[in-house]
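For reference, the structure discussed in these notes is given below.
As the structure is a computational prediction, the values presented were derived from the model and not from experiment.
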Amino acid sequence: MRSRRRPVGRPIAAPAPATALGRYAEPACRRLGSVTALAPRGTSHRIAEDLRHRIRDGELTPGSFLPSEAQLCEQHGVARGTVRAALAVLVGDGVAEVVPGVGRRVVGGTGTDRTTAYGRIAEDLAEQIRAGTLAPGTALPSEATVMEQYDVSRNTARRAFKVLAESGVVVVRHGVGAFVRSADS
């Protein structure tokens with residue numbers, strides 16, 4: 001068996017100094033000069049609340065993009081993971097939407113919103129139901145059809161159906177599809 005040798009001229013790397021937080025604590029930390037500090041608990045929720053206030057005050061209007069992750073890290077002095085958690089809260093609450101490769105955009109208004117793809121799809125399907133094109137009890141187009149027709153992802157199509165189901169316009173039957181709610185159901 002061959003022994004492993006260190007190449008000539010390369011110093012042996014010294015082991016990293018152990019910290020009181022353990023060897024895996026560094027990625028979750030932020031650096032402040034020569035001091036490493038953890039973001040306090042709940043920081044992501046405070047950042048999300050700050051962004052909500054900026055939206056409510058009109059500083060960030062519907063359709064405009066939120067500041068980038070890097071800008072928010074700089075403004076709040078936190079790690080990227082903390083900012084991502086704050087943005088995830090806003091996206092989960094429907095205050096913002098993710099635009100792949102661009103950033104996160106403020107969603108305007110309440111309920112079905114026309115600035116989001118799923119909101120436009122839900123509004124279009126609801127309009128077809130109101131106009132009688134889709135009669136009570138009939139099946140809505142499948143997810144695959146909606147994906148192709150509107151050029152959106154499966155998640156976007158599902159979210160549109162979810163908006164319609166939450167508003168009581170349609171009934172979703174698992175494994176079968178979405179149907180226009182009849183007057184008696």
Under a 4.5 Å cut-off applied to non-hydrogen side-chain atoms, are [X] and [Y] in contact?
| X | Y | value |
| --- | --- | --- |
| L140 | F161 | yes |
| V180 | V169 | no |
| L125 | P141 | yes |
| E59 | I55 | no |

Heavy atoms only: give me the nearest [X]-[Y] pair and the separation to one decimal.
| X | Y | answer |
| --- | --- | --- |
| G168 | R181 | O-NE, 2.9 Å |
| G58 | T61 | O-CG2, 3.5 Å |
| L134 | T138 | C-OG1, 3.8 Å |
| E143 | A157 | O-CB, 4.2 Å |
| S182 | P136 | CA-CB, 3.7 Å |
| V99 | F65 | CG2-CE2, 3.8 Å |

Could you check V107, V95, I47, V106 and say which one makes a side-chain contact (heavy atoms from CB on, under 4.5 Å) with L90?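 Of the listed residues V107, V95, I47, V106, the side-chain contact (heavy atoms from CB on, under 4.5 Å) partner of L90 is V95.
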When rounded to the nearest 0.5 angstrom, what distance separates [atom1] in [X] from [atom2] in [Y]?
| X | Y | atom1 | atom2 | answer |
| --- | --- | --- | --- | --- |
| Y150 | T145 | OH | OG1 | 11.0 Å |
| T43 | D50 | OG1 | CG | 12.0 Å |
| Q71 | L66 | CD | CG | 10.5 Å |
| S44 | L72 | OG | CG | 12.5 Å |
| E148 | S142 | CD | OG | 9.0 Å |
| L87 | R80 | CG | CZ | 10.5 Å |

Exam field: side chain S167 to backbone L164, donor-acceptor pair closer than 3.5 Å: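 Between the backbone of L164 and the side chain of S167 there is a qualifying donor-acceptor contact (under 3.5 Å).
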Taking the side chain from E166 and the backbone from V163, do they hold a donor-acceptor pair closer than 3.5 Å?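 Between the backbone of V163 and the side chain of E166 there is no qualifying donor-acceptor contact (under 3.5 Å).
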Let me know which of R104, R120, R105 forms a salt bridge (charged side-chain N to carboxylate O under 4.0 Å, His left out) with E97.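 Only one of R104, R120, R105 forms a salt bridge (charged side-chain N to carboxylate O under 4.0 Å, His left out) with E97, namely R105.
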Exercise: do R159 and T156 side chains pair donor with acceptor under 3.5 Å: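 On atom types as modelled, these side chains do not qualify, holding no pair under 3.5 Å.
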Can you check side chain to side chain contact (heavy atoms under 4.5 Å, CB included) on I129 and V170, steps first, answer last? CA-CA 9 Å; I129 293 168; V170 301; 4.0 Å; yes
Does a side-chain N-to-carboxylate-O contact under 4.0 Å join R52 and E49?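 Salt bridge present between R52 and E49.
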Do other residues, nucleotides or ligands put more than 12 heavy atoms under 6.0 Å from the CG atom of D57?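 Yes, enclosed.
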